[in-house]
Amino acid sequence: MVKSCWNPSAEGDSGGRVDGLLWCKDLGQHMYGEFSMAVIQANSMLEDQSQIESGPLSSTTSGPYGTFFSVYDGHGGTEASRYVNDNLFSNLKSFASEHQEISADVLRKAFSTTEENFLSLVRKQWLVKPHMASVGSCCLIGIICNGLLYIANAGDSRVVLGRSGRGTKQAKAMQLSVEHNASIDTVREELRSLHPNDPHIVVKKHRVWRVKGLIQISRSIGDAYLKKAEFNKEPLLPKFRLPEPFQKPILSAEPSVLVHKLHPDDQFLIFASDGLWEHISNQEAVKIVQTSPRNGIARRLIKAALKEAAKKREMRYSDLRKIDRGVRRHFHDDITVVVVFIDPNLINGGSSSYFPLSIKGGQFAAGAGVP
């Protein structure tokens, strides 16, 4: 028997359910439509975190209202993604209260403050928990407010928009997030231009481009060992220490921000950690969402990714399902998917039977078994 220790902080919502290594909320209601949410664990400890907050976006009653969606893909451990999951939204609410609006500037300030506070925590625990300096998290957030969609991303998670095609029944996939991964030519060019005197700023190891030969992403929250030279020493493990000192941060926490005016043809959004996009293309994901029932669609996208992962290893999906967490990481990553359906009538101020919502996915302990 699998015993869940997942405790959602949800109002007007029944939360999700656990099935082995899967957590899912098959269908729920947010301020501007419906959503579906699912998480599959592959690592020994789940490093993905995610949340949806629908209602007040500031800490004052006069502030803006809307819906906040997020995916936090941790690496090196769970501390950074959990910290971001617990603090980024509250930081955003503080700045939204101060500015009395949601804006690109508010999003950037929320990222910056979350980063500063996490690095401060790393510094305080340096001698007791030096591994905290090598833990980080990709951060992807989206906000729907006043007819606008705000996207902020640091790392390689991705959000894709499904838009009705003119003159065709097939929805068109539009990627809205900018990714920061050294496998992308423009990211390597950016790193080289920022560090012109470092010939080893990006290195290809085992056919994979990595920043300083250590990490694929160029932006994140955390990863203090590549941002503050004070952590490039003992007691940090030797494999994370650079042989030469550095004068300025190698990685950044600055998000790429997009503001998109929602159009009546904008049908849904797919937020997901890179574990999904390793196996499914943007257009394939949009087609699955468009042609399937809404109920359980996030879980269905994860299943499609797992089938592809099994196929790549020349094994049956049914055999992949039997592999436990930890060992499972050799076949696929933790995967988080949040599908957000957009009702144009509600975007334009129509009535809704909506209740305030706060829900976090992936906060569970699971044994063997999968969807």
List, one per line, each side-chain donor-acceptor pair under 3.5 Å for residues 142-157, sequence neighbours excluded.
{"unit_1": "Tyr150", "atom_1": "OH", "unit_2": "Ile102", "atom_2": "O", "d": "3.1"}
{"unit_1": "Asn153", "atom_1": "ND2", "unit_2": "Gly155", "atom_2": "O", "d": "3.2"}
{"unit_1": "Asn153", "atom_1": "ND2", "unit_2": "Ser157", "atom_2": "O", "d": "3.4"}
{"unit_1": "Asn153", "atom_1": "ND2", "unit_2": "Val178", "atom_2": "O", "d": "2.9"}
{"unit_1": "Asp156", "atom_1": "OD2", "unit_2": "Asn181", "atom_2": "ND2", "d": "2.9"}

Show the atom names and distances, to 0.1 Å, of all donor-acceptor pairs under 3.5 Å that link a side chain in residues 119-132 to residues at least two apart or in another chain.
{"unit_1": "Arg123", "atom_1": "NE", "unit_2": "Glu230", "atom_2": "OE2", "d": "2.9"}
{"unit_1": "Arg123", "atom_1": "NH2", "unit_2": "Glu230", "atom_2": "OE1", "d": "3.3"}
{"unit_1": "His131", "atom_1": "NE2", "unit_2": "Glu79", "atom_2": "OE2", "d": "2.8"}

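Remark: Ala171 pairs with Gln267, Val286, Gln290 by the side-chain contact (heavy atoms from CB on, under 4.5 Å) rule, at least two apart or across chains. A search for side-chain contact (heavy atoms from CB on, under 4.5 Å) contacts involving Ser81 returns Gln49, Tyr72, Ser137, not counting sequence neighbours. In this structure Arg108 satisfies the salt bridge (charged side-chain N to carboxylate O under 4.0 Å, His left out) test together with Glu254, sequence neighbours excluded. Take Glu244 and apply the salt bridge (charged side-chain N to carboxylate O under 4.0 Å, His left out) test, not counting sequence neighbours, and it matches Lys212. In terms of the salt bridge (charged side-chain N to carboxylate O under 4.0 Å, His left out) criterion, Glu47 has no residue partners (sequence neighbours excluded). Residues passing the ring-ring contact (aromatic ring centres under 6.0 Å, His included) test with Phe68, sequence neighbours excluded: Phe89. Legend: residues meeting ring-ring contact (aromatic ring centres under 6.0 Å, His included) with Phe240, ordered by chain and number and at least two apart, are Tyr225. With sequence neighbours left out, the ring-ring contact (aromatic ring centres under 6.0 Å, His included) criterion links Phe69 to His30, Phe271. Among residues two or more places apart in sequence or in another chain, the salt bridge (charged side-chain N to carboxylate O under 4.0 Å, His left out) test is passed with Asp266 by Arg163.
Taking each heavy atom of Phe111 and Cys139 in turn, the nearest pair found is CE2-CB, 3.6 Å. Here the closest heavy-atom approach between residue Gln216 and residue Val211 is recorded as O-CG2, 4.3 Å. Closest heavy-atom contact between Val159 and Ser177: N-OG, 3.0 Å. Here the closest heavy-atom approach between residue Asn232 and residue Leu242 is recorded as OD1-N, 2.7 Å. Tyr65 and Met31 get closest at one heavy-atom pair: CB-CE, 4.1 Å. Nearest approach of Trp23 to Lys360, heavy atoms of both residues: CZ2-O, 4.1 Å.
The pair Arg328-Asp324 does not meet the salt-bridge criterion, since no charged nitrogen lies less than 4.0 angstrom from a carboxylate oxygen. One finds no salt bridge joining Lys93 and Glu53 here, because no Lys/Arg side-chain nitrogen approaches an Asp/Glu carboxylate oxygen to under 4.0 Å.
Counting heavy atoms of neighbouring residues, nucleotides and ligands inside a 6.0 Å radius, atom NZ of Lys261 does not exceed 12 of them.
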Verify side-chain contact (heavy atoms from CB on, under 4.5 Å) between Arg158 and Glu179, making sure each step is shown before the conclusion. CA-CA 7 Å; Arg158 184 184 305 173; Glu179 292 169 37; 2.5 Å; yes

For His180 and Ser252: C-alpha separation, side-chain torsions, deciding distance, then whether side-chain contact (heavy atoms from CB on, under 4.5 Å) applies. CA-CA 10 Å; His180 312 107; Ser252 167; over 6 Å; no

Phe246 and His195: CA distance, side-chain angles, deciding distance, side-chain contact (heavy atoms from CB on, under 4.5 Å) verdict: CA-CA 10 Å; Phe246 55 93; His195 305 273; over 6 Å; no

Take Asp265 and Lys172 through the test salt bridge (charged side-chain N to carboxylate O under 4.0 Å, His left out) and record every step on the way to the result. CA-CA 10 Å; Asp265 289 341; Lys172 180 182 178 182; over 6 Å; no

Could you walk me through whether Leu88 and Ile221 pass side-chain contact (heavy atoms from CB on, under 4.5 Å), step by step? CA-CA 10 Å; Leu88 193 146; Ile221 286 180; 4.2 Å; yes

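Cluster annotation: Leu161 is connected to Met37 through the hydrophobic network of ILVMFWY side chains, with a link wherever side-chain heavy atoms come within less than 4.5 Å. Hydrophobic clustering places Leu214 together with Leu191 (ILVMFWY residues linked when any side-chain heavy atoms are closer than 4.5 Å, directly or through intermediates). By the rule that hydrophobic residues join a cluster once side-chain heavy atoms approach within less than 4.5 Å of another member, Tyr83 and Met45 end up as members of separate clusters. Neither Leu269 nor Val257 shares a network with the other; the hydrophobic side chains, linked directly or stepwise wherever heavy atoms of I, L, V, M, F, W or Y lie under 4.5 Å apart, form separate groups for each. Linking Ile, Leu, Val, Met, Phe, Trp and Tyr whenever their side-chain heavy atoms come within less than 4.5 Å puts Leu226 and Trp209 in one cluster.
For the side chain to side chain donor-acceptor pair (under 3.5 Å) criterion with Ser273, the lone passing option out of Asp48, Asp73, Asp334 is Asp48.
Annotation: side chain of Gln247 is not in contact with side chain of Asn197 (no heavy-atom distance under 4.5 Å). Side-chain atoms of Lys25 and Ile52, non-hydrogen and from C-beta on, never get closer than 4.5 Å to each other. Leu357 places a side-chain heavy atom less than 4.5 Å from the side chain of Phe35. You'll find the side chain of Arg210 stays beyond 4.5 Å of the side chain of Ile215, heavy atoms only. For the pair Ile297 and Phe341, the minimum side-chain heavy-atom distance is below 4.5 Å. At a threshold of 4.5 Å between non-hydrogen side-chain atoms, the residues Leu306 and Ile335 count as touching. You'll find the side chain of Leu107 reaches within 4.5 Å of the side chain of Leu92, heavy atoms only. Contact of the Thr113 side chain with the Phe95 side chain is registered, since non-hydrogen atoms from C-beta on lie closer than 4.5 Å.
Between the Arg325 side chain and the Leu21 main chain, no donor and acceptor come within less than 3.5 Å of each other. Between the side chain of Ser97 and the backbone N or O of Ser58 there is no donor-acceptor pair closer than 3.5 Å. In this structure, the side chain of Arg188 engages the main chain of Ala182 through a donor-acceptor pair within 3.5 Å. With hydrogens and angles disregarded, a donor-acceptor distance shorter than 3.5 Å links the side chain of Arg300 to the backbone of Pro293. Under the 3.5 Å distance criterion, the side-chain polar atoms of Glu115 are left unmatched by any main-chain donor or acceptor of Phe118.
Atom CD of Gln41 sits about 11.0 Å away from atom CG of Asp333, to the nearest 0.5 Å. We find the CD1-CG distance between Ile347 and Leu262 to be 5.0 Å, quoted to the nearest 0.5 Å. Between atom CG of residue Asn117 and atom OG of residue Ser112 there is a gap of 9.0 Å, rounded to the nearest 0.5 Å.
Sorted by first and then second residue, the pairs that involve residues 305-318 and meet salt bridge (charged side-chain N to carboxylate O under 4.0 Å, His left out), not counting sequence neighbours, are Arg316-Asp319.
With 3.5 Å as the limit, one finds a donor-acceptor pair spanning the side chains of Thr114 and Asn91.
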